[in-house]
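Beneath this line is the structure, given in structure tokens, with notes to follow.
Not measured: the values here are computed from a predicted model. We number each residue from 1, following the sequence as shown. Both ligands and their constituent atoms are indexed starting at 1 by order of listing.
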Amino acid sequence: MLDREESTAPMARTRPVPAPRPRQRARHRVVVVGGGFAGLQAVRKLARAPVDVTLIDRRNFHLFQPLLYQVATGSLSPAEIASPLRGVLKRQTNARVLLAEVEGFDLAHRRVLTTDMATREADAVGYDTLIVAGGSEYSYFGRGEWEQVAPAPNTVEDALEIRRRLLFAFEAAETEHVVARRERWLTFVVVGAGPTGVEMAGQIAEMARRTLRRDFRAIDPREARILLLEASDRVLASFPPRLSASAQCALERLGVSVLLGRRVLEVDEGSVTVGDAEGTLETIPAGAIVWAAGVNASGLARLLADASDGRVDGAGRLEVQPDLTVPGHPEVFALGDMITIRRRDGKLAALAGVAPVAMQQGRYAARVVRQRLQGRNSSPFRYHDKGNLATIGKAKAVADLNGLELSGFIAWLTWLFVHLFYLTGVQNRLVVFTRWSASFLTDGRSARIITTGGADNPPAPPRPRSDRA
Ligand SMILES: Cc1cc2nc3c(=O)[nH]c(=O)nc-3n(C[C@H](O)[C@H](O)[C@H](O)COP(=O)(O)OP(=O)(O)OC[C@H]3O[C@@H](n4cnc5c(N)ncnc54)[C@H](O)[C@@H]3O)c2cc1C
């Protein structure tokens with residue numbers, strides 16, 4: 001193993017283990033950072049190429065983030081939306097997986113600087129072509145401390161923490177004798193009415209109104225208040241206005257209070273303070289707060305920018321060329337949520353941070369690598385937008401399929417089949433389909449167990465500002 005100082009020296013060796021077989025030594029080495037939607041597609045599409053692929057990720061699994069909110073609300077268990085990367089790639093003999101955190105890039109010497117997740121030792125991995133797809137994370141608008149009190153469903157751990165807080169709030173309400181405090185425990189606030197916020201609010205409402213309605217003796221979970229806060233003037237702002245209105249209607253029918261034009265000014269354990277356009281402030285006491293607003297690129301974008309003298313935008317996304325390469329480094333691709341594309345006309349192409357964009361970019365990068373090895377030219381990346389989907393609750397969704405606007409049951413069926421189709425692994429598809437069928441028939445949520453923190457680590461009781469010294 002090399003330590004970091006050695007590894008940044010100009011003549012330092014690259015990672016020596018495991019030794020490639022002699023036949024492979026001269027092959028083109030592709031290193032892919034990130035086994036998410038973009039990275040995994042790139043690796044898979046290189047299966048038949050004459051290259052050796054190393055996939056580096058700090059997690060040992062590919063996570064299907066679009067269904068994380070169902071883990072957060074007890075419909076699915078984490079393993080049902082996560083697939084071990086080694087299992088996914090077990091038949092792809094030209095690919096190996098490295099469980100490591102990427103800490104930097106030495107573009108001059110074509111090496112990725114890593115820390116081994118098992119041993120915490122520093123290392124360096126050499127490449128001929130580098131593909132970086134580190135994704136994104138939720139942004140708290142410069143108030144990182146809010147993350148502690150208002151978790152966002154970004155990782156499995158986050159989703160479990162949200163699930164713990166939601167379920168704990170019902171438990172605390174059940175034993176609370178003071179009416180005002182019980183009402184506080186039964187108030188759930190979701191910040192941000194994009195697809196994730198809408199899906200979270202709809203699921204919390206269904207959990208309270210349907211799944212839990214007979215589970216408690218002192219409280220009626222159906223009395224829970226679910227508030228969806230949004231700074232703009234409509235939910236699902238990336239959808240056509242008619243579908244936004246339809247989604248809002250469906251949410252309200254489920255019992256979600258949609259509060260538009262509310263900007264979050266303060267968040268702490270147990271309350272959210274919002275302001276509207278007139279400057280009116282309101283502090284909302286809450287039993288659990290879920291964050292679903294604002295996204296920042298993975299820190300890998302900044303690391304790549306620093307290594308290449310590149311630029312990042314306000315959301316931390318790295319500017320790349322129309323062929324998704326880093327300016328000045330045609331051998332380095334950056335993909336997915338962490339990039340923005342500077343087009344030939346000089347304008348920035350703002351592609352949505354969604355899985356289809358990332359997957360198409362992963363496939364594109366693999367194709368360009370293959371074309372280059374064959375001495376062929378490639379054309380710039382073009383995104384083929386097939387539409388936009390969001391679900392609101394049982395049998396309710398909206399779909400904008402390139403001008404075809406659907407809502408209700410048909411949209412929900414479309415949503416269901418698209419998500420099953422893209423979920424990684426046949427076993428996961430079968431299990432998730434079975435779970436969804438059971439939930440549809442019984443309104444049950446078999447994964448509503450409190451597994452982390454628990455009684456030893458409960459969230460502090462929510463207190464409104466007026467209660468404090
Ligand atoms: C809650 C939620 C719901 C969503 N719902 C939808 C939806 O319904 N439809 C849709 O199309 N999109 C949805 N998205 C967006 C979609 O998940 C992303 O657009 C997509 O995951 C981006 O793919 P990516 O490959 O860029 O990044 P990711 O899929 O996030 O993969 C990034 C990978 O990089 C790894 N990584 C990051 N940093 C490092 C490092 N330093 N070292 C090593 N590895 C690292 C991570 O572990 C991860 O495996 C949702 C996202 C979230 C969070």
Side-chain angles (χ1 to χ4, degrees), residues 31-43 54-73 81-83 85 88 97-105 112-117 125 131-139 151-159 162 190 192 194-200 203 236 238 290-304 317-318 324 333-339 351-363 365 385-391 397-399 415 418-419 422-424:
V31 168
V32 178
V33 178
F37 284 96
L40 195 54
Q41 281 295 318
V43 174
T54 301
L55 171 61
I56 307 177
D57 202 304
R58 60 186 173 197
R59 298 187 306 218
N60 77 334
F61 55 87
H62 167 79
L63 180 63
F64 194 82
Q65 279 182 328
L67 292 179
L68 258 184
Y69 76 96
Q70 298 213 359
V71 173
T73 49
I81 62 160
S83 307
L85 289 168
V88 174
V97 177
L98 220 54
L99 188 63
E101 174 133 36
V102 170
E103 311 268 13
F105 300 95
V112 178
L113 310 178
T114 62
T115 298
D116 187 295
M117 292 303 284
V125 185
I131 298 175
V132 185
S136 58
E137 51 204 40
Y138 278 94
S139 108
N154 202 40
T155 64
V156 167
E157 290 78 7
D158 297 331
I162 292 169
V190 178
T196 302
V198 164
E199 288 167 349
M200 278 297 312
Q203 289 280 316
L236 297 179
S238 58
V290 180
W291 191 262
V295 171
N296 263 352
S298 147
L300 292 180
R302 163 62 65 192
L303 290 177
L304 257 186
R317 290 175 299 197
L318 178 72
L324 309 185
F333 294 84
L335 318 174
D337 279 5
M338 58 173 267
I339 60 158
L351 292 178
V354 290
V357 171
M359 290 166 82
Q360 288 183 31
Q361 292 182 343
R363 291 197 283 270
D385 189 354
K386 292 179 189 143
N388 224 348
L389 292 161
T391 174
V398 287
W415 175 92
V418 166
H419 282 71
Y422 284 109
L423 191 61
T424 311

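Residues passing the side chain to side chain donor-acceptor pair (under 3.5 Å) test with Asp158, sequence neighbours excluded: Thr155. In this structure Arg363 satisfies the salt bridge (Lys or Arg N to Asp or Glu O under 4.0 Å) test with no other residue, sequence neighbours excluded.
Evaluation of the salt bridge (Lys or Arg N to Asp or Glu O under 4.0 Å) test over residues 351-361, restricted to residues two or more places apart or in two chains, returns none.
One finds the CG atom of Leu67 at 8.5 Å from the CD atom of Glu199 (value rounded to the nearest 0.5 Å).
A donor-acceptor contact closer than 3.5 angstrom links the side chains of Thr115 and Glu103.
Under the 3.5 Å distance criterion, the side-chain polar atoms of Thr114 are left unmatched by any main-chain donor or acceptor of Asp116.
Contact shell of ligand 1 (protein heavy atoms, cutoff 4.0 Å): Gly34, Gly35, Gly36, Phe37, Ala38, Asp57, Arg58, Arg59, Gln65, Pro66, Ala100, Glu101, Val102, Ala133, Gly134, Gly135, Tyr138, Pro153, Asn154, Thr196, Leu300, Gly336, Asp337, Gly353, Val354, Ala355, Pro356, Ala358, His419.
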